[in-house]
Amino acid sequence: MPFTIATWNINSVRLRLPIVEDFLRRFDPDVLCLQETKCPNDLFPHAAFHALGYDHVAIHGQKGYHGVATISKRPFDDVVRQDFCAIGDARHLSVRLDAGERRIRIHNLYVPAGGDEPDAAINPKFRHKLDFLEEMRAMRASGEPDVSAILVGDLNIAPLEADVWSHKQLLKIVSHTPVETEGMTRVIAEGGWSDLMRHHIPEPAKLYTWWSYRAKDWDAADKGRRLDHIWGSGDLVADLRDIEVLREARGWERPSDHVPVIARFAF
DNA sequence: ATGGTTGTGTGACAA
């Protein structure tokens with residue numbers, strides 16, 4: 001039974017419940033990590049997930065904004081909701097589960113977008129994003145003895161040149177500025193993480209997970225960015241079998257502006 | 001340089 005995990009910024013789980021259900025039926029991941037659920041905890045559509053065999057659901061929601069959910073066929077324990085930057089935003093959720101011979105800590109993250117102006121001195125949202133990234137430096141791939149780790153989510157940063165449609169044109173655009181891309185590189189290196197998407201699909205291949213709603217024809221223009229990520233502890237690299245970026249989902253009925261990313265492992 | 005779209009919840013704000 002190979003282990004499969006998916007991540008998807010859904011931009012309202014209630015509005016897009018039909019396409020989430022279709023996705024689960026078709027791709028059948030063991031775990032689905034959602035971001036931007038935009039759903040208060042008491043209104044979360046638990047029953048829809050239980051009906052599809054996802055009996056184990058952890059949520060960290062708030063009214064209107066943000067919100068993450070981890071939906072699993074397998075039982076998990078030790079649910080943690082970390083309050084990054086201590087401002088009460090629902091942006092993190094982690095669980096621990098068994099897969100094969102492994103115990104795995106799964107972090108589900110929604111990093112602040114950071115606003116439009118890439119200057120922390122005049123834009124508090126960008127300051128918040130950089131502070132969040134700074135706090136992420138404490139996240140270790142080997143944080144618990146005998147526990148592997150997977151970190152997924154909408155990290156709102158496209159770290160590599162091949163992660164954006166134009167490196168030069170986006171250097172001053174929030175999500176691809178040097179302070180962000182270098183910050184993310186530092187988080188990966190210091191934390192002992194491996195960028196599993198790029199392990200499977202190395203540069204210089206272009207790789208995007210998000211296309212703006214504002215483009216007239218997102219598919220033809222193809223001005224995408226890789227904002228969604230799957231990282232793993234080093235021991236998982238040898239067992240990674242496949243990464244799939246579901247580009248077609250951007251063309252589904254009433255789509256999210258992000259598409260699902262799926263990782264499949266040998267265990 | 002500007003403006004372009006979507007979602008929440010009915011306002012202004014976030015992305």
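Letters go in sequence order (proteins before strands), and every chain restarts at 1.
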When you compare dT6(B) with dG11(B), how far apart are their C1' atoms, in angstrom units rounded to a whole number?
16 Å
Evaluate whether atom NZ of Lys223(A) has more than 12 neighbouring non-hydrogen atoms of other residues, nucleotides or ligands under 6.0 angstrom away.
no
Each nucleotide in nucleotides 7-15 of chain B should get exactly one letter: B, S or -. Can you fill that in based on protein heavy atoms under 4.0 Å?
SSS----SB
Are side-chain N/O atoms of Tyr213(A) and Asn11(A) paired as donor and acceptor at under 3.5 Å?
yes
Per the side chain to side chain contact (heavy atoms under 4.5 Å, CB included) rule, which among Gln35(A), Glu180(A), Lys129(A) passes with Asn156(A)?
Lys129(A)
Provide the distance between the two P atoms, one in dT8(B) and one in dG3(B), to the nearest whole Å.
26 Å
Sticking with atom C1', work out how far dT2(B) lies from dG7(B), rounded to a whole angstrom.
23 Å
Distance only, no hydrogens: is a donor on one side chain within 3.5 Å (strictly under) of an acceptor on the other, for His107(A) and His92(A)?
yes
P-based separation of dT10(B) from dT5(B) [nearest Å]
24 Å
Might you confirm whether atom NE2 of His199(A) has over 12 heavy atoms from other residues, nucleotides or ligands at distances under 6.0 Å?
no
Could you tell me how far apart Lys216(A) (NZ) and dT2(B) (C1') are, to the nearest whole angstrom?
12 Å
Provide, to the nearest angstrom, the distance between the CD1 atom belonging to Ile173(A) and the P atom belonging to dG3(B).
15 Å
Could you check whether atom CG of Asp219(A) has more than 12 heavy atoms from other residues, nucleotides or ligands sitting under 6.0 Å from it?
yes
dA15(B) versus dG4(B) - spacing of their C1' atoms, nearest Å:
13 Å
